[in-house]
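Chain identifiers are assigned alphabetically (A, B, ...) following the order of the sequence lines, protein sequences preceding nucleic acid strands; residue numbering begins at 1 within each chain. Side chains are part of it too, since the values below use all heavy atoms of this structure and drop only hydrogens, waters and symmetry mates.
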Amino acid sequence: MTMLSRVAERLYWMARYLERAEDTARLTHAYTHMVLDIPKGSEPGWDTLVRIQDAEYVYGDRYRVFNEQNVLKFIVADLDNAGGIYHAIRAARENVRTTRDVLPGEAWEYVNELYLYAQEYAEKSIGRRNRYRFLEQIIGRCQSVSGMLMTTLPRDHAYRFVRLGYLIERADMTTRIIDVGAAALLGEDRHHSTVDPLIWASLLKSLSAMGAYRREFGPQVEASSMVDFVLRDANLPRSVKYCLNGMREELLPLKNNKSALKLLDRSRRKLSRFDPGVSSREELHLFIDVFQAGLIDISAEIGSTWFLK
Amino acid sequence: MNKSWKSYRSEPFFDELITPARKPRAVARQVINMLQNLSKEEMHTRRSAAELAIKEMGVSFTVYSEGANIDRAWPFDIIPRVISSRDWAKVSLGLIQRSRALNRFIDDIYNKQSILADGIVPADIVLDSSNFKPQCMGVSPRYGAWAHICGSDLVRSKGGKFYVLEDNLRVPSGVSYMLENREITKRVLPELFENHSILPVDDYPSRLHSTLASLSLQGKKHPSIVVLSPGIFNSAYFEHAYLAQSMGAELVEGGDLFVSDDNCVYMRTVDGPVLVDVVYRRIDDDFLDPEEFREDSKLGVPGMMRAWKAGKVAIANAPGSGVADDKVVYAFVPDIIRYYLKEKPILASVKTYLCMLDKDRDYVLDNLDKLVVKPANESGGYGLMVGPHASKADRAKFAKLIEENPRNYIAQPTLALSTAPTYIDDAVEPRHLDLRPFILQGKETWVTPGGLTRVALVKGSLVVNSSQGGGSKDTWIVEPNK
C-alpha cells in the first residue's frame with residue numbers, strides 16, 4: 001500500500017485540526033459552564049482561554065480587552081486564530097478536500113457538512129444563548145467524523161497518520177485543559193475551597209471523564225488525583241498517557257521511526273516521573289510547558305521523517 | 001400528458017428523438033411514451049430527484065466552491081438522448097479509424113515525417129504550430145500510440161448524419177460527467193432500465209486502467225500507475241481524483257514525483273521512493289517538465305521528459321500529441337486517414353476553410369455572416385465567432401484578427417445541428433446537442449458506448465460549452481428490441 005508523503009501529511013493535519021476543533025469546543029463549553037457556577041468575584045477571567053492557546057500575541061493584534069464577547073469571538077469564529085474552532089474546521093476541510101481519494105466517501109461529506117454548519121453559525125454563536133448548542137453540535141459532528149474514520153479506515157498507513165494526528169493533538173489539548181485549572185487557581189487570592197472542586201469537575205466534564213473519575217475516586221473531585229487521572233491513567237482515552245501509548249503503537253510499523261520513537265519515549269518517561277501529588281501548581285504549570293515543547297519536537301520529527309520536504 | 005409534447009417542433013432541424021410528424025423515433029419510442037405519460041407534477045418530482053442526486057453525489061464527487069454552491073459545471077437534463085446501437089456501431093468504427101490514423105500521424109511527425117515529405121500536409125502548418133514539440137523528436141512510444149485518451153467532439157446534422165467537429169488529444173476531460181449522468185438517470189428513471197437494453201458505461205475506469213497498464217515499458221503485470229493533477233484549483237480536479245480512485249491509482253501532484261539520476265520517476269512516500277511506471281498526466285505539455293518546457297512551471301516534474309525519452313516511464317497522453325489537435329491539421333484528417341490506412345474515412349469532417357490560404361481567406365472574409373470562425377488552437381469556446389449570430393462589430397473585429405494572423409484562424413459553415421427534447425422550466429423544447437465520446441488507444445483500441453452529451457440550454461444557441469450556458473444529458477446506446 002503506497003502512501004504519498006503529501007497525503008500522509010494532509011491526513012495527519014486533518015486529524016489534528018478536527019481534534020483541535022472538538023477539544024476547543026469541549027473546553028469552551030466547560031469553561032462557560034464553570035463561570036456560571038462560580039460565585040461572582042471569584043470566577044477566573046476570560047483571558048485564560050486565550051492564554052492556554054498561547055495566542056495572547058495574535059489576540060492583542062485584534063482586540064484590546066479580554067471580555068467574554070471578544071474572547072469568544074476569537075475562539076469560536078475568528079479565522080486569524082489558528083487555535084480557533086472555525087479556523088480549525090476550515091483547515092481540516094482543506095486537508096480532506098485533497099485526500100478524498102484515500103478516505104471513505106463519507107469523510108468529505110461529513111467534514112463538508114461540519115464546515116457548512118460552522119460557516120453558518122459560528123458568528124451567531126458567540127453570545128451565551130446559542131453558544132451551548134453550537135459547541136455541542138461541533139463536538140458531536142467532530143465525533144461522527146472520527147468515529148466513522150476509526151470504524152472504516154483499513155489499518156494501513158492512512159490510518160496510522162490519522163491516528164497519530166488525533167492522538168498528538170489530544171495529548172496537547174488535555175495538557176492545556178489541566179493548565180486551565182492550574183492557571184485559574186494560580187492566583188493566590190483565588191484559592192478557594194468551595195470553588196476549587198467546581199473548577200476541576202468542569203474540566204473533567206470537558207474530557208467526558210467525570211463518570212470514570214467517580215468510579216475510581218468517588219464523587220468529590222480533588223486536584224492532585226484529577227490531574228494524575230487525566231495525565232497518567234492508561235485506560236482513559238483522553239489521558240495524556242493513553243495518547244502517547246497509542247502514538248507508540250502507530251509509530252512502530254513505520255519505516256525510519258527511530259528518532260521519532262526516541263523523542264516519544266523521552267516524553268513518556270517525563271510523564272511517568274512527574275508526580276502531581278507532590279507538585280505545586282507552579283511546578284505543574286512548568287511541567288506542562290516543557291511537556292508541550294516535547295510534543296512540538298515529536299511533531300517536527302514526524303514531519304521531517306515522513307512528510308514532503 | 002404534458003401539453004408541450006403536442007406542440008413540440010424542432011423544424012428545420014433534425015430531431016434525434018421525435019419525427020417531423022411528432023411521433024417518437026423507433027429507437028426512442030419507449031422513453032418518449034413513458035415520459036409523455038408523466039404528469040406535470042411527476043416530471044417536476046423527477047427533476048427534483050435528479051437535483052437531489054446531483055447534490056448528494058456532488059458532495060462526494062465535486063469540489064465545493066467557497067460558498068455552499070456546488071461547483072458542477074454542467075446542469076443536467078433528465079431526458080436521455082437515445083442513439084441506436086446500429087448507428088453507433090458505424091460511428092465507433094469511424095472513431096477507431098480516426099484514432100489509429102491520428103496516432104500514426106503523430107508518430108510519423110516525430111520520426112520520419114514522411115507525410116510532410118510526400119506533400120500531403122504542408123510542412124509549415126505542422127512544424128510552425130505551437131503544438132509541435134521538437135523535444136519529442138525521435139521518440140517511439142509503445143504500439144506507436146501517442147494520444148492514448150482522445151475525446152472527439154461529434155455533432156449530428158440533417159438526416160442525423162454524424163460529423164467530427166474536433167479531436168481533443170491533449171488532456172480531454174468530461175468522462176466523469178458521462179459516468180455521473182448515468183448514475184443520476186438510474187436513480188431518477190429506474191423503470192426505463194427494465195425495458196431497455198442500454199449499453200453500460202461504467203466500465204470506463206477499468207478500461208482506462210488496462211489501457212494505461214498496457215503502456216508499461218517493462219511489461220509488468222501490475223505496473224505502478226499515477227494520475228498527475230495540477231491540484232485542487234484545477235477545474236477538473238474532481239475528475240482526476242475520481243479516476244484515480246476508481247482505478248486504484250495514486251493521485252499525485254508535481255511535488256510528489258521526482259526523477260532520479262537513473263532517469264526513473266519516483267513518488268515520495270512514507271516508505272521512501274517508489275518507482276512509477278505509467279503517468280496519466282492531466283497537465284499540459286507546457287507545464288510538464290520545467291527542464292524542457294516552461295521553466296517557471298511549478299506543476300510539473302523536472303526530468304520527466306528525460307525519463308520518458310530514456311524509456312523509463314510511459315506518459316499518457318504522450319508529450320507532443322497535441323500536434324494533431326489543431327484546427328488547421330483537422331482540415332487534413334481525411335487525407336491523413338487515406339495516407340496511412342489506405343481507407344476511406346468513415347466519419348465525415350466539416351468543410352474547413354484555412355485562412356492561411358489566400359483563396360480560402362478571401363472566401364471567409366466575404367462570407368463572415370454565414371461561417372463559424374474559430375482560432376486554430378484554443379479550446380473552451382472562447383474566441384469563437386458564430387457568423388449568423390454575430391454583430392457587425394464582431395464580424396469586423398474577426399476580419400481584422402484574421403488578416404493579422406491568418407494561420408491562427410479557420411472557418412466552417414454553420415451546421416444545422418440536431419436537437420433533442422429537453423425539459424426547460426415546465427415544457428419540453430428542442431435544444432441543440434453535441435457528443436464527446438472517448439477513445440482509448442493502448443495495446444487495444446476501445447470507444448465508450450456513447451459519451452458525454454452536451455446540450456445548449458439557451459433557445460437557438462449552438463454553443464454547448466459549460467462556460468457558455470451548456471448542460472448535459474445521459475447518452476444511451478440502445479439495442480433494438482428483439
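Smallest separation of non-hydrogen atoms from B/Q245 and A/D101: NE2-O, 3.6 Å.
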If you look only at distance, which donor and acceptor atoms sit under 3.5 Å apart when one is on a side chain in residues 311-318 of chain B and the other is two or more places apart or in another chain?
{"residue": "B/N317", "atom": "OD1", "partner": "B/H148", "partner atom": "N", "Å": "2.9"}
{"residue": "B/N317", "atom": "OD1", "partner": "B/I149", "partner atom": "N", "Å": "2.8"}
{"residue": "B/N317", "atom": "ND2", "partner": "B/I149", "partner atom": "O", "Å": "2.8"}
{"residue": "B/N317", "atom": "ND2", "partner": "B/L169", "partner atom": "O", "Å": "2.8"}
{"residue": "B/N317", "atom": "ND2", "partner": "B/R170", "partner atom": "O", "Å": "3.1"}

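The local environment of NZ in B/K220 is crowded, with over 12 non-hydrogen atoms from other residues, nucleotides or ligands closer than 6.0 Å. Residue A/K270 qualifies as enclosed at atom NZ: its count of foreign heavy atoms under 6.0 Å is above 12. Summarising the local packing, NZ of B/K298 is surrounded by 12 or fewer heavy atoms from other residues, nucleotides or ligands at distances under 6.0 Å. Heavy-atom contacts from other residues, nucleotides or ligands closer than 6.0 Å to CZ of A/R128 number more than 12. Counting heavy atoms of neighbouring residues, nucleotides and ligands inside a 6.0 Å radius, atom OH of A/Y121 does not exceed 12 of them.
To the nearest 0.5 angstrom, B/Y242 atom OH is 12.5 Å from A/R100 atom CZ. Here the CD atom belonging to B/E250 is positioned 4.5 Å from the CG atom belonging to A/L4, to the nearest 0.5 angstrom. Put simply, CE on A/M3 and CE on B/M267 are 11.0 Å apart, with the number rounded to the nearest 0.5 Å.
At a heavy-atom separation below 4.5 angstrom, chain A is approached by B/L251, B/V252, B/E253, B/G255, B/D256 within residues 251-260 of chain B. For residues 137-170 of chain A, the interface with chain B (any heavy-atom pair closer than 4.5 Å) comprises A/H157, A/F161, sorted by residue number.
Contacts classified as ring-ring contact (aromatic ring centres under 6.0 Å, His included) and involving residues 290-313 of chain B (residues at least two apart or in different chains) are given here: B/W146-B/W308.
Counting heavy-atom pairs closer than 4.5 Å to chain B, the top residue among A/E9, A/E106, A/R10 is A/R10.
The side-chain heavy atoms of B/T269 and A/W306, taken from C-beta on, include no pair separated by under 4.5 Å.
Using a 4.5 Å cut-off between heavy atoms, A/L103 touches chain B through its backbone atoms (N, CA, C, O) alone.
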